[in-house]
Each structure stands twice: as structure tokens, then as C-alpha cells.
Amino acid sequence: MKTLQQLLFVAGLAGLSLTVQAHDPKEHMKDSEKPNCEAMKDMDHEKMDMNNPVHQAMMKKCMAQMHDMGEMKGMEGQDHSQHKDAAKEKSEHQH
Amino acid sequence: MNKNTFSCAKCLLVVILLILAGILGFVYSGWYPIGADNKHHALTYWALETLRERSIARASADISVPGDLDSPERLLAGGPDYHEMCSGCHLQPAKAQSDFTLGLYPAPPNLTEAKSGQISTTENQRTFWIIKHGIKASGMPSWAPGHDDERIWSMVAFINRLPELSASEYQILTSRTDDNGHAH
Ligand SMILES: [Cu+2]
């Protein structure tokens with residue numbers, strides 16, 4: 001009897017800790033929007049540094065939409081291999 | 001012990017008791033203006049600020065900072081969390097004020113404002129500690145419940161870059177796509 005009680009107690013605790021632990025973004029006050037990747041068209045890519053993590057992050061985020069978007073200012077002659085790598089990494093990253 | 005020192009100890013005791021009674025009386029009287037629209041005296045403000053900074057510096061000194069704070073993955077993980085949980089108080093590019101920045105006291109600092117120079121290890125430790133533990137009797141919550149250290153470090157990484165972001169860069173970095181619901 002006592003072990004049963006203890007078991008129930010531990011199970012209860014485990015359940016409780018599960019509900020407290022992972023904080024789903026859905027619980028946030030505000031909701032993020034979809035990325036407005038169109039805006040990247042208007043950015044001057046010649047001035048952007050491919051080593052800048054902000055630029056790299058935007059590329060990753062907008063990868064899927066990018067190739068449908070057609071040409072972007074200053075991007076014509078650039079090496080796109082880095083972007084392709086980023087895209088590959090992203091699809092592998094899905095758990 | 002001669003007679004003089006004895007009476008001195010006695011009067012010191014009386015003075016201490018009077019001060020304690022005064023403090024207790026003040027606490028119970030309700031005379032302290034607790035409203036957030038009633039600003040601290042400059043001296044109180046200095047004392048509280050010094051207390052806060054000394055406390056955080058001591059408590060955060062041993063935190064080890066991850067080496068990948070500059071990675072795009074960190075920015076993409078921290079961005080949406082920052083936007084959804086923090087931007088109401090700490091603002092975003094092209095937004096100069098909110099109800100929270102106007103009404104909270106102490107006011108939440110505008111985290112889109114540029115800091116001078118390189119971000120030091122000490123600064124990263126401080127930012128991480130503040131997000132994780134919050135600051136007592138201010139509007140700054142502790143975000144440890146529900147957010148693991150990794151998630152907090154990603155927000156630190158994002159905050160480090162925030163001052164240099166344009167409004168459209170901010171929009172892209174803080175957005176969520178279906179494949180990046182990253183609940184870790
Ligand atoms: Cu959250």
C-alpha cells in the first residue's frame with residue numbers, strides 16, 4: 001500500500017514537472033509573424049558581408065522563398081554555394 | 001567598567017531602540033509613497049542601482065559563456081523568443097516607446113540602443129544572469145521557469161546584435177516559420 005502511494009506521488013511529481021518545464025512559444029503574449037523576405041530584395045547585397053551572422057541568418061530564414069524571388073540587387077555575380085550549404089543544413093536539421 | 005562608559009552604552013541602546021521604533025512606525029504608518037509614478041530620491045536611486053550592479057557582478061562572475069554566440073543559429077533561435085516575450089518592454093527597431101517603457105519604474109532599458117565597443121565576457125555574463133534570474137521589485141521577470149540555459153543564451157546572442165538591426169532585418173530574424181518552432 002505504502003509503495004503504491006509513493007509510486008503515485010512520484011508519478012504525480014513527474015507529471016507536474018513536465019507541465020512546468022517546456023515552455024511552448026504558443027504560450028507567449030505576442031505571436032511572431034511570417035518572415036517578410038520580400039524586404040530582402042530591397043537591401044543592397046553588395047554592401048552586405050557574407051561573414052556577417054545577421055546576413056547569414058536572414059539567408060537561412062528566407063532560403064525557401066529566395067529562389068522563387070528572382071534576382072536580388074547585387075547578388076548576380078556572387079557565389080551562391082554558401083547559400084546552398086545553408087539550405088542543406090537546414091533541411092538536415094529538422095528533427 | 002567605570003560609570004561613564006556604562007551610561008554611554010545605555011544611551012546608545014535607547015537611541016537604537018528609538019530608531020527601530022521609528023522605522024517600524026514609518027512602515028506601519030503608510031506614509032511611504034509606493035506608487036511607480038513617484039520617483040526615488042537621487043540617493044535612494046544610487047543605493048539601489050549600486051546594490052543591483054554589485055549583486056549581479058558577484059553572482060554572475062563564474063558563468064561560462066558559450067563560444068558560439070556569434071552564430072546565425074543563435075540569432076534565429078533567440079530572435080522569435082525576444083520578439084514574443086521581451087519587445088513589449090525592451091522595444092524593437094523603429095519603436096521608441098510602449099506602455100511599459102512609459103509606465104514602469106524603474107523603466108525597462110531600450111535594448112535597441114547601441115552600446116559602445118566590443119561586448120565583453122562580463123557583459124554577456126551579466127545579460128545572461130539578468131534574463132535567467134530577473135531583478136527583484138522591478139518589472140524584470142526571471143525567465144528560468146520554462147526556458148533552459150540554451151534558450152536564454154540565444155536571447156543574449158540576439159540582444160548583442162539588436163542595436164545594429166534595421167526594422168526589416170528585425171522582422172525577418174524574429175519571424176517564425178513552421179520548421180523553426182524550435183521548442184528545444
Ligand atoms: Cu517563453
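Note on naming: letters A, B, ... go to the chains in the order of the sequence lines (proteins, then strands), and numbering restarts at 1 for each one. Side-chain atoms are counted along with the backbone in the values below, which use heavy atoms only and exclude waters and symmetry mates.
S60(B) and R126(B) are not linked by any side-chain donor-acceptor pair at a separation below 3.5 angstrom, with hydrogens and angles left out of the test. Between the side chains of N160(B) and D70(B), no donor-acceptor pair of N or O atoms lies under 3.5 Å.
Here E73(B) pairs with K60(A) in a salt bridge; the nearest charged N to carboxylate O distance falls below 4.0 Å. A salt bridge links R52(B) and E49(B); the closest N-O separation between the charged side-chain nitrogens and carboxylate oxygens is under 4.0 Å.
For residues 165-173 of chain B, a heavy-atom distance under 4.5 Å to chain A picks out L165(B), S168(B), E169(B), Q171(B), I172(B), L173(B), given by residue number. Residues of residues 25-44 of chain B having a heavy atom under 4.5 Å from any heavy atom of chain A: none.
In this structure, CG in D31(A) is found 9.0 Å from CZ in R176(B), a value given to the nearest 0.5 Å.
Of the listed residues (F158(B), W129(B), W143(B), F128(B)), just one forms a ring pair (Phe, Tyr, Trp, His ring centres under 6.0 Å) with W153(B), and that residue is F128(B).
With hydrogens and angles ignored, the 3.5 Å screen pairs no side-chain donor or acceptor of H90(B) with any backbone N or O of P108(B). A side-chain donor-acceptor contact under 3.5 Å links Q125(B) to the backbone of I63(B).
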request  = Using the salt bridge (Lys or Arg N to Asp or Glu O under 4.0 Å) rule, take D148(B) and K132(B) through it: C-alpha gap first, then chi angles, then the decisive distance, then the call.
outcome  = CA-CA 9 Å; D148(B) 59 19; K132(B) 182 163 179 173; over 6 Å; no

